[in-house]
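Here the structure is a predicted model, which means the values were calculated and not measured. Naming convention: chains lettered A, B, ... in sequence-line order (proteins, then strands); numbering from 1 in each chain.
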Amino acid sequence: MKRLLILGGGTAGTMVANRLVHELDMAEWQITVVDQDETHYYQPGFLFIPFGAYGKADVMRPKRDYLPREVEVIISEIRLIEPDKNQVQLVKENRTLRYDYLIIATGSHIVPEETPGLMEDEWRKSIFDFYTPDGAVALHHFLRTWQGGRLVLNVAEMPIKCPVAPLEFLFLADAYFQDRNMRDRVELIYATPLSSAFTKPIAARQLGDLLEQKNIKLVTDFNIASVDPDKKAILSYDDQAIEFDLLVSIPTNMGSDVIERSGMGDDLNFVPTEKHTLKARDYDNIFVLGDATNLPSSKAGSVAHFQVDVFIENFMRYLDGLELLPTFDGHANCFIESGHGKGFLIDFNYDVEPLPGMFPMPGIGPFSLLKESRVNHWGKMMFRWTYWNVLLKGKEMPIPAQMSMAGKWQR
Amino acid sequence: MLTKELNVALDAEGFMTDPSQWTPEIAEMMAVEEGIAPLTERHWQVINWVRQEAASSGEFPSLRAISKRSGVDTKELYELFPKGPARKIARCAGYPKPKGCI
Ligand SMILES: Cc1cc2nc3c(=O)[nH]c(=O)nc-3n(C[C@H](O)[C@H](O)[C@H](O)COP(=O)(O)OP(=O)(O)OC[C@H]3O[C@@H](n4cnc5c(N)ncnc54)[C@H](O)[C@@H]3O)c2cc1C
């Protein structure tokens, strides 16, 4: 029996397990998935919890229900990866698992401890995150009775998973406070380390305009050094201060601790990965999928999906002794909620920035690109159903893995 | 721009596109354009470390990596290269604009 081990049973780990049981001869292969958490969280849903649109139950499902019957599932923290011995140590029962091939899909998570002051007295009192289910729920409780004031949304450091989530949060907050007839009592500020509203110029311009229309103040090049919980202010390395009544923080995102313990990561515990093949840079029988890579592609579920598509085809070639093809192009496809039942869609890759146009999707689309529309909002809402029922199960999605220029307007 | 007079390839924003063409004189000129001249020993510590790191790893290091391993911490990086240290360091060290993540 050949052994394939998948570390992490989140979005990428679940998708790849479902695809592999169809591609590999299961009489010859043993596939094991290890994850520390029994619950699968639909993370894109976290965005809607603070505004009461989703509750916690809407975003939680048992992991086992989404993993194929043919794979062994072990719920345990992973203690150590030993790539030189082709084995992994688990915390539970001190087990050691050997592997022939390893897939690392341990994702990324927020580390508020990286910013001094963030987790002191005001944490979960006037400082919240919405990147964890508990943070999103706590923020929902806070907002229900909040009388208004200055809401500062701060991104601590790039990269973050779902880089459009901060903008979506602000657009939804604007709509939420309008609906509650208190928008005039809320000042919205977006403090970002980026030099514009988004990383890509054309989209940055469009989204920047939208911020202005919605009266959301943009503070760029703000690199947070610390939080002063007594003065209720965030402080930057170049001594700017922004006071807040409510701070919504997107703390530093890092890869899993086990990557650091195993000495396999960069300064943020992301695993150095070959940009176009998804093979670990330093190991020939290890592949990295999803948020765990150090690649300059977006950390998003859609990207993980395109990666899995590309990986499966390549892995089959690899097993047959053929070389890996450089087929991953950094493709990302994200719906952006803009409030009041409307949304944007952006589609881009390593080389092509998000462009305006129409996005063809057989049976459902077309969706307008880089432009607000109601259809795009429905695309996002439908995404939850699609996520659980199509995406995770590894079924065919009507979007090719490589980005296409069809429908995009080029200058 | 001063650096236009040098015979090195620059992109539209004044970043060098071929780090192998770099010389210490270029760093001094970039520093003038960035308003941080003259370069001190502490600036050089950063520039030299970054060039070494980029050459050995093939990638321009992140600000976090620089502050962790160059011997100059984040606070001081902002003092030496105020307002956007990553871009100023990249210019002085003769590297293309660091790709913000997406
Ligand atoms: C607020 C928010 C909104 C988002 N919105 C969108 C969106 O609209 N569209 C989109 O495409 N994406 C969105 N995303 C991003 C998307 O959820 C992630 O990119 C995706 O889930 C990444 O998948 P992954 O498999 O790499 O990591 P995860 O799904 O996070 O899985 C990692 C798994 O590894 C396990 N693990 C980690 N370390 C260990 C260890 N040491 N031992 C055992 N187990 C371990 C974890 O328990 C987890 O189950 C959003 C994310 C957030 C937070």
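A salt bridge between Arg87(B) and Asp221(A) is absent, with no side-chain N of the basic residue lying under 4.0 Å from a carboxylate O of the acidic one. Residues Arg64(B) and Glu114(A) are paired through a salt bridge, judged by an N-O separation under 4.0 Å between the basic side chain and the carboxylate.
Lys75(B) is listed as a side-chain neighbour of Asp239(A), based on a closest heavy-atom distance under 4.5 Å.
The CD atom of Glu59(B) sits 6.0 Å away from the CG atom of Asn294(A) when rounded to the nearest 0.5 Å. Atoms CG and CG, from Asp238(A) and Leu77(B) in turn, are 12.5 Å apart once rounded to the nearest 0.5 Å. To the nearest 0.5 Å, the span separating OH on Tyr237(A) from OG on Ser67(B) amounts to 7.0 Å.
Annotation: Lys68(B), atom NZ; neighbour count of heavy atoms from other residues, nucleotides and ligands within 6.0 Å is above 12. A 6.0 Å sphere centred on CD of Gln45(B) holds more than 12 heavy atoms belonging to other residues, nucleotides or ligands.
For Ser195(A), no part lies under 4.5 angstrom from a heavy atom of chain B. Heavy atoms closer than 4.5 Å to chain A are found in the side chain of Arg69(B), but not in its backbone.
Counting all heavy atoms, side chain and backbone alike, Asn223(A) lies closest to Tyr78(B) at CG-OH, 2.6 Å.
Interface summary for chain A: among Pro82(B), Ser57(B), Ala65(B), the most heavy-atom pairs under 4.5 angstrom belong to Ala65(B).
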